Amino acid sequence: MAFLRNIIIAGALGASLVLSACQSGGVTQAGSSEALSVRQATPYALGTGDRIRINVFGEDDLSGEFVINNTGTISLPLIGEVSAADLSTSQLQVSISEALSDGYLLEPRVSAEVINFRPFYILGEVRSPGEYPYSANLTVQNAVAAAGGFDYRADKRIVFIKNAESSNEVKYTLDANTLVQPGDTIRIDERTF
């Protein structure tokens, strides 16, 4: 009886080690392997490569279009470098308003909007992998269509997505509701026969 119990414990430990070894390769799952969850929309944070329009009401010389550079900042007239990466557009508006009201303007009114999002990337079993422009409400199916469609070897049930701010891929169910965010790297895996 003790021998059988030891075999069961050893088998459970072995399975646990195999599972942890599989997950140490930079892939995490959003749910169990049988029922993967659907990717949820998250609030958009500005990032490197986004083109934004800043409008300072009544001050045309301070308004314009700006690209967030590799350091995560934009360079504005009068106030210079302003951090923009990882902020929402409303947080950026507040930051610019505070900087302008510090000795430059009385009660500045600032608006900010994204006019071109950073691109997304698609790899794996698609006909034309590469970099593509992001558009609002983009799904993985739309991204695959932009890349020329699935390759004949593609697994059309799951997708791996690495967010721009993460170093790990996450495995999701590939359906009509699987959303893409700007800067994502999408990988369509090869199916097993």
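Given the structure is predicted, the values throughout are model-derived calculations rather than measurements.
- For the pair I161/D184, a side-chain contact is recorded, criterion being any heavy-atom separation below 4.5 Å from C-beta on.
- Inspection of the D175 and T178 side chains reveals an N or O donor paired with an N or O acceptor under 3.5 Å.
- Annotation: E107, atom CD; neighbour count of heavy atoms from other residues, nucleotides and ligands within 6.0 Å does not exceed 12.
- In plain terms, the two heavy atoms of P77 and D61 that are nearest each other are CG-O, 3.6 Å.
- Side-chain atoms of E59 and P108, non-hydrogen and from C-beta on, never get closer than 4.5 Å to each other.
- For the atom pair CD1 of I79 and CG of D102, the computed distance is 10.0 Å after rounding to the nearest 0.5 Å.
- Once rounded to the nearest 0.5 Å, the distance linking CD1 of I52 with CG of N116 reads 11.5 Å.
- Closest approach of N55 to S63, counting heavy atoms only: OD1-OG, 3.2 Å.
- Looking only at atom types and distance, the side chain of Y134 has no donor-acceptor partner in the side chain of D50 under 3.5 Å away.
- Of the candidates V56, V82, L62, L100, L76 forms a side-chain contact (heavy atoms from CB on, under 4.5 Å) with just one, namely V82.
- Summarising the geometry, atom OG1 belonging to T73 is positioned 12.0 Å from atom CZ belonging to F66; distances are rounded to the nearest 0.5 Å.
- Summarising the geometry, atom CD belonging to Q141 is positioned 6.5 Å from atom CZ belonging to F150; distances are rounded to the nearest 0.5 Å.
- For the residue pair T71 / N69, a side-chain donor-acceptor distance below 3.5 Å is found, with atom types taken as modelled.
- Ion pairing of E190 with K156 is absent here, as no side-chain N (NZ or NE/NH1/NH2) approaches a carboxylate O to less than 4.0 Å.
- Here the OG-CD distance, from S95 to E98, works out to 6.5 Å after rounding to the nearest 0.5 Å.
- With salt bridges taken as basic N to acidic carboxylate O contacts below 4.0 Å, one links R53 and E65.
- Looking at every heavy atom in both residues, A99 comes nearest to Y104 through O-CD1, 3.5 Å.
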Steps toward salt bridge (charged side-chain N to carboxylate O under 4.0 Å, His left out) verdict (D189, R187): CA-CA 6 Å; D189 208 12; R187 184 171 58 86; 3.2 Å; yes
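- The two residues A164 and G183 have their closest heavy-atom pair at CB-O, 3.6 Å.
- Two residues are said to be in side-chain contact when any heavy atoms from C-beta on lie closer than 4.5 Å; T89 and L46 meet this criterion.
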Can you check side chain to side chain donor-acceptor pair (under 3.5 Å) on N70 and T48, steps first, answer last? CA-CA 6 Å; N70 290 338; T48 301; 5.1 Å; no
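- Of all non-hydrogen atoms in I54 and A112, the two that sit nearest each other are CD1-CB, 3.7 Å.
- Ring pair Y132/Y121: centre-to-centre distance not below 6.0 Å.
- Distance CZ/R51 to CD1/I115: 6.0 Å, rounded to 0.5 Å.
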